> 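To start, I am sharing the structure in question, which I have written as structure tokens.
As the structure is a computational prediction, the values presented were derived from the model and not from experiment. All residue numbers refer to positions in the sequence shown, counting from 1. Quick note: numbers below take in every heavy atom, side chains included, and nothing from hydrogens, waters or symmetry partners.
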Amino acid sequence: MRAAQNRDELPQGSAASPSEQRESAPTYRILVRDLILPWRIGVRQHEEDRRQRVRINLDLIVHEQLDPAADNYQDVTCYERIIENIRQMAAAGHVKLAETVAHNVAAMCLTEPNALEVTVRVEKLEAIHDAGSVGVEITRFRGDSAGSGKRERLRITD
């Protein structure tokens, strides 16, 4: 027997549980665009010794709160907290790879209770003289793990 997929399919007279309501809740996107931070990143010696500008873009898909009209800050995912966490990552020390930064940002975003999916783009703005930027973009989903066998999508950006 197939489980009910949404509230319209629930048997007459039954109510959806809070977890069923959450699973069927609409989603929305939290966007962070062009966050530029100084970061010690790279595999070359000169990149370990100085910070360079790194641009972070992210698109986080989250469950909408059960009552969006409530206008309650406590019920939403806070983009300010996400940005502060990214700032702390940038200040934490040297990282060799943009892929590592993207992975760490994505993992942090997916710890948010309502988070379902995140796409993170990390671009080094000063790495290649002839290019405006170089970097990576990854997409991760809630429940992904290193051992899941799923391969993340990496894309070189320019």
Side-chain angles (χ1 to χ4, degrees), residues 18-19 21-158:
S19 64
Q21 287 177 346
R22 180 181 163 100
E23 290 304 313
S24 65
T27 61
Y28 66 98
R29 294 177 186 272
I30 294 173
L31 305 171
V32 174
R33 294 288 176 250
D34 299 329
L35 176 64
I36 298 176
L37 299 170
W39 213 302
R40 286 195 345 239
I41 183 171
V43 297
R44 309 262 187 276
Q45 180 64 42
H46 72 274
E47 293 175 309
E48 289 185 35
D49 297 335
R50 69 170 187 87
R51 295 184 185 276
Q52 60 183 296
R53 294 179 322 132
V54 171
R55 178 172 37 222
I56 306 286
N57 283 282
L58 67 88
D59 184 340
L60 178 62
I61 299 174
V62 297
H63 281 295
E64 189 171 83
Q65 60 274 30
L66 291 178
D67 183 6
D71 199 28
N72 187 354
Y73 174 75
Q74 302 304 322
D75 291 343
V76 297
T77 302
C78 177
Y79 53 80
E80 189 173 24
R81 180 177 58 241
I82 289 169
I83 291 169
E84 183 54 36
N85 287 339
I86 296 170
R87 285 185 179 125
Q88 290 174 9
M89 289 178 190
H94 180 258
V95 177
K96 290 181 182 176
L97 303 173
E99 290 87 345
T100 303
V101 172
H103 167 80
N104 291 343
V105 170
M108 178 272 299
C109 287
L110 291 174
T111 64
E112 292 292 329
N114 291 325
L116 299 171
E117 175 183 337
V118 65
T119 298
V120 177
R121 179 180 289 186
V122 175
E123 297 171 274
K124 294 169 54 173
L125 302 179
E126 302 165 6
I128 305 294
H129 175 68
D130 298 348
S133 70
V134 294
V136 298
E137 181 176 287
I138 67 170
T139 299
R140 290 287 176 89
F141 304 90
R142 170 151 325 272
D144 277 359
S145 66
S148 70
K150 291 183 182 178
R151 190 151 170 101
E152 61 191 56
R153 294 175 288 183
L154 292 176
R155 218 172 23 212
I156 302 231
T157 60
D158 55 34

> Do T139 and E117 pass the side chain to side chain contact (heavy atoms under 4.5 Å, CB included) test, and can you show the C-alpha distance, the side-chain angles, and the key distance before you say yes or no?
CA-CA 7 Å; T139 299; E117 175 183 337; 3.7 Å; yes
> Test your reading of the model: is there a side-chain donor-acceptor pair from R142 to the backbone of L110, 3.5 Å cut-off?
yes
> Search all heavy atoms of M89 against all heavy atoms of N104 and return the closest pair with its distance.
CE-O, 3.4 Å
> Which atom pair, heavy atoms only, marks the closest approach of K96 to I41?
O-CG1, 4.2 Å
> Between R87 and E84, does at least one N-O distance fall below 4.0 Å, as a salt bridge requires?
yes
> Of all heavy-atom pairs between V136 and A102, which one has the smallest distance, and what is that distance?
CG2-CB, 4.0 Å
> In Å and rounded to the nearest 0.5 Å, what is the CG to OH distance from L58 to Y79?
12.5 Å
> Is there a side-chain contact between N57 and V32 (heavy atoms, below 4.5 Å)?
no
> Please report the interatomic distance CD(Q65) to CD(Q74), rounded to the nearest 0.5 Å.
12.0 Å
> Are the side chains of V105 and V122 in touch, meaning some heavy atoms are under 4.5 Å apart?
no
> Between S133 and E123, what is the shortest heavy-atom contact and its length?
OG-OE2, 2.6 Å
> Between R40 (side chain) and E48 (backbone), is there a donor-acceptor pair under 3.5 Å?
yes
> Locate the shortest heavy-atom distance separating M108 from I86; write the atom from each residue and the value.
CE-CG1, 3.7 Å
> Are the side chain of R50 and the backbone of W39 linked by a donor-acceptor contact shorter than 3.5 Å?
no
> Let me confirm one number: the CG-OH distance from N114 to Y28, rounded to the nearest 0.5 Å.
7.0 Å
> Just to verify, which of V62, I82, V118 counts as forming a side-chain contact (heavy atoms from CB on, under 4.5 Å) with E112?
I82
> Out of curiosity, L116 CG to C109 SG, how far, rounded to the nearest 0.5 Å?
12.5 Å
> Are any side-chain N or O atoms of E137 and backbone N or O atoms of T119, one a donor and one an acceptor, separated by less than 3.5 Å?
no
> Which pair of non-hydrogen atoms, one from A90 and one from P38, has the smallest distance, and what is that distance?
CB-O, 3.7 Å
> So does D49 get a backbone contact from the side chain of H94, meaning a donor-acceptor N/O pair under 3.5 Å?
no
> Is there a side-chain contact between T77 and L60, using heavy atoms and a 4.5 Å cut-off?
yes
> If you define the side chain from C-beta out and look only at heavy atoms, does anything of I36 sit under 4.5 Å from L125?
yes
> So, D59 side chain and L31 main chain: donor-acceptor pair closer than 3.5 Å or not?
no
> In the structure I gave you, are the side-chain heavy atoms of E80 and I83 within less than 4.5 Å of one another anywhere?
no
